[in-house]
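Below: one structure, written as structure tokens.
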Amino acid sequence: MVKLPENVLAHGRTRNIMRETFEYGNKRKAQVGSDKVYDYSLGNPSVAPPRSVNDTVRDILSGELSDSIHAYTSAQGAYDNRKRLADSLQRRFGGNVSPDDLYFTVGAAAALTITFKALTVPDDEFILLAPFFSEYEVFLQNAGAKAVICQPDYKDFMPDFEAIEKAININTKGIVINSPNNPSGVVYDGAVIARLSELLRKKSEEIGHPIFLINDEPYREIVFDGKRAPWVPDFYDNTIVCYSYSKSLSIPGERIGYIYVPERVCGHDDVYAAVCGAGRMLGFVNAPSLFQKVVSICDGQTADMSVYERNRDLLYNSLVEMGFDCIRPGGTFYLLMKSPIENATEFCLSARKYDLLIVPTDSFRCPGYVRIAFCVETKTIENSLPLFAKLAADYNLG
Ligand code: PLP
């Protein structure tokens, strides 16, 4: 019998705890009924896309040129779509955005994969600020780069600037930020971004080459309490934006986002060309043509996301009252809760006896915590609260 090499077998062993929990939930729903399972595992938006998304799809498909919408586009996205998007970004954020700064991608996942691949040469390191979306490490591994992890300041989950400064060395190619953050819900304000930018400028000078700030921001529009996320390219020239419409327009299955390489990025044309080359190397060909057009028309609109803020208030206040130790989310639809026992996986498994499906954040490099994705109907949260109360009682909280 042929035995596959160990590294091939290792590919098959990579685990994604969110997906596994989601699959478990589907099985459980088939057994006991979907209203009895409280699935907080995945960041799958619960609100409908804005009407304009479906209307735009309909308009495009019933238009005169509807047949050509299914054709290949330029690898970076059809010029018209990039132009429309560039105009929209310029209207919304100012600056000077050109179609040749934009590259449409298959969601933020592809935007990150392509950006890492574009920038990496052997020995390169990227700094990741824990807690972070667990796929970053897989994407960096794929690019051949090393992930260097900095723990946050655990009192508020903001970056630990001293740790970042210590982590930067001659091999540092970039740092990834994700604000609003999955899984903590924390949003960096302008002061945090300004301080980080200052540090990166100083260290770039010291090590003699630019440190790219990769700004992964699929949750840019999901910010609560009347606040807004700062526009990072205004703070730091060498910012590369990786954006996705998965959450803002509630269309994660359509797989559409973009990379924005602002004109002030050092070696702009070469960086943009590297992005195009990396997209080709990774076999993306072009992002879905229909949705390139849809999002270029709908950019700046959002689904009605007020439900997420209502859910945040209900869930956070209730869990804290029950005695759980939680980080108050300033945005996104994730709540980070401290596990009452050291082993968060064991805690999540014990929550399953009430059909509460939550995930440990060990793979987000934040052991001892769990993530609750509250992108669900408010009714689901209301119905699950008595079960969370039982769970709290099991651990003598409150
Ligand atoms: N980055 C973060 C922080 C995310 O939370 C996600 C998805 O949940 C992604 C990237 C990937 O998003 P997409 O569905 O657009 O590929």
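Both counts, for ligands and for their atoms, begin at 1 and track the order of listing. The residues of the chain are indexed from 1 along the displayed sequence. Being a predicted model, the structure only gives us computed values, none of them experimental.
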message: Show, in sequence, the C-alpha distance, side-chain angles and deciding distance for Gln76 and Tyr272, and conclude whether the side chain to side chain contact (heavy atoms under 4.5 Å, CB included) test is met.
response: CA-CA 10 Å; Gln76 61 270 53; Tyr272 185 75; 3.3 Å; yes
For [X], counting its heavy atoms only, list the atoms of ligand 1 lying under 4.0 Å from any of them.
| X | result |
| --- | --- |
| Ser246 | 13 (P), 14 (O), 15 (O) |
| Asp216 | 1 (N), 2 (C), 3 (C), 10 (C) |
| Arg255 | 13 (P), 14 (O), 15 (O), 16 (O) |
| Ser244 | 13 (P), 15 (O) |
| Asn178 | 3 (C) |

message: Students should be able to answer this: which protein heavy-atom is nearest to atom 12 (O) of ligand 1, and at what distance?
response: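 I find the closest protein heavy atom is Ala108 CB, 3.6 Å.
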message: For atom 6 (C) of ligand 1, what is the closest protein heavy atom, and at what distance to 0.1 Å?
response: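 For atom 6 (C) of ligand 1, the nearest protein heavy atom is Phe133 CZ, 3.5 Å.
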query: Can a donor-acceptor pair be found between the side chains of Asn182 and Arg371 at a distance below 3.5 Å?
result: yes
Region of Tyr219 engaging ligand 1 - heavy atom pairs below 4.0 Å: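 Side chain only; the backbone of Tyr219 stays clear of ligand 1.
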- request: Test side chain to side chain contact (heavy atoms under 4.5 Å, CB included) on Phe132 and Glu137 and set out the steps.
  value: CA-CA 9 Å; Phe132 55 80; Glu137 284 192 81; 3.6 Å; yes
- prompt: Of the options Leu335, Val320, Asp313, which is the one that meets Arg328 in a side chain to side chain contact (heavy atoms under 4.5 Å, CB included)?
  reply: Asp313
- request: Go through Asp160 and Cys150 one step at a time and tell me if the side chain to side chain contact (heavy atoms under 4.5 Å, CB included) criterion holds.
  value: CA-CA 7 Å; Asp160 177 341; Cys150 288; over 6 Å; no
query: Would you say Pro218 contacts ligand 1, with heavy atoms under 4.0 Å as the rule?
result: yes
- request: Check if Lys247 has a non-hydrogen atom at a distance under 4.0 Å from any atom of ligand 1.
  value: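 Per 4.0 Å heavy-atom rule, Lys247 contacts ligand 1.
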task: Measure from NZ or CZ of Arg312 to the centre of the six-membered ring of Phe374 and say whether it is under 6.0 Å with the direction within 45° of the ring axis.
output: no
message: Using heavy-atom distances only, which candidate in Gly43, Gly107, Ala109 approaches atom 11 (C) of ligand 1 most closely?
response: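 Ranked by closest heavy atom to atom 11 (C) of ligand 1, first place is Ala109.
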task: Using the side chain to side chain contact (heavy atoms under 4.5 Å, CB included) rule, take Asp237 and Val265 through it: C-alpha gap first, then chi angles, then the decisive distance, then the call.
output: CA-CA 5 Å; Asp237 285 352; Val265 165; over 6 Å; no
- prompt: Is the number of heavy atoms from other residues, nucleotides or ligands within 6.0 Å of CZ (Arg228) greater than 12?
  reply: no
